[in-house]
Amino acid sequence: MSIIKWTPMLDPFNEMDRWLDNWPASGMASFAPAVDVFEDADNVYVETPLPGINPEQVNIAIENDILTIEGASEKKTEVDEKNYYRKEVRSGSFHRAVALPSSVKSEEAKAEYEKGILKITVPKEERAKPKKVRVEVKK
């Protein structure tokens, strides 16, 4: 009897997001960059690799706790005589929308671009921060 490796059930929503991220937008070359989203007690952080992208041409918006990153990578002039065996370097427009895990103060968001990585920091709303309640003991 052979042993079959068990794999847990796939999350249908993550699979659908992945499928939609690769859907071509109206015939244009487009792509959806990968994102890492994490948080601490005070902020939500989003990081995405955008190598070769001019950060001044990246648009970032936050509305209803949904972060949207849009832009385009400039396509270098290609020589028609190239006979590519494989071409994996993408160019064209990109768009990515991510629901943030907490309510945030979108007007206080900050973004920086360093070594090809876009880093976005957004402070959490006060109501989203955990609050400690002291138990008062009565005698």
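Given the structure is predicted, the values throughout are model-derived calculations rather than measurements. Values below: all heavy atoms of this structure, side chains included; hydrogens, waters and symmetry mates excluded. Residues: numbered from 1 along the sequence shown.
Evaluation of the ring-ring contact (aromatic ring centres under 6.0 Å, His included) test over residues 101-121, restricted to residues two or more places apart or in two chains, returns none. For residues 50-71, no pair satisfies ring-ring contact (aromatic ring centres under 6.0 Å, His included), with sequence neighbours left out.
How far OG of Ser103 is from CD of Glu126: 12.0 Å, rounded to the nearest 0.5 Å. Atom-to-atom distance recorded for Ile69:CD1 and Arg96:CZ is 8.5 Å, nearest 0.5 angstrom.
Formation of a donor-acceptor pair under 3.5 Å by the Asp65 side chain with backbone atoms of Val104 is found in this model.
For the pair Ile62 and Ala109, the tightest heavy-atom approach, listed with the atom from each and the gap, is CD1-CB, 3.8 Å.
At least one side-chain heavy atom of Val37 sits under 4.5 Å from a side-chain heavy atom of Pro101.
Applying the side-chain contact (heavy atoms from CB on, under 4.5 Å) rule to Ala97 yields the partners Ile66, Thr68, His95; only residues at least two apart in sequence or on another chain are considered. Under the rule for a side-chain contact (heavy atoms from CB on, under 4.5 Å), the partners of Glu112 that lie at least two apart in sequence or sit in another chain are Glu114, Lys119. For Glu108, the side-chain contact (heavy atoms from CB on, under 4.5 Å) partners at least two apart in sequence or on another chain are Lys105, Pro123.
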Distance-only check: which donor-acceptor pairs under 3.5 Å involve side-chain atoms of residues 45-53, not counting sequence neighbours?
from: Tyr45; atom 1: OH; to: Asp40; atom 2: OD2; distance (Å): 2.9
from: Tyr45; atom 1: OH; to: Asn43; atom 2: ND2; distance (Å): 3.2
from: Thr48; atom 1: OG1; to: Ala34; atom 2: O; distance (Å): 2.6

>> Checking Leu118 against Ile60 for the side-chain contact (heavy atoms from CB on, under 4.5 Å) test, could you report, in this order, the C-alpha distance in whole Å, the side-chain angles of both residues, the deciding distance, and whether it holds?
In response: CA-CA 11 Å; Leu118 178 66; Ile60 301 168; 4.0 Å; yes
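Heavy-atom contacts from other residues, nucleotides or ligands closer than 6.0 Å to CD of Glu107 number more than 12.
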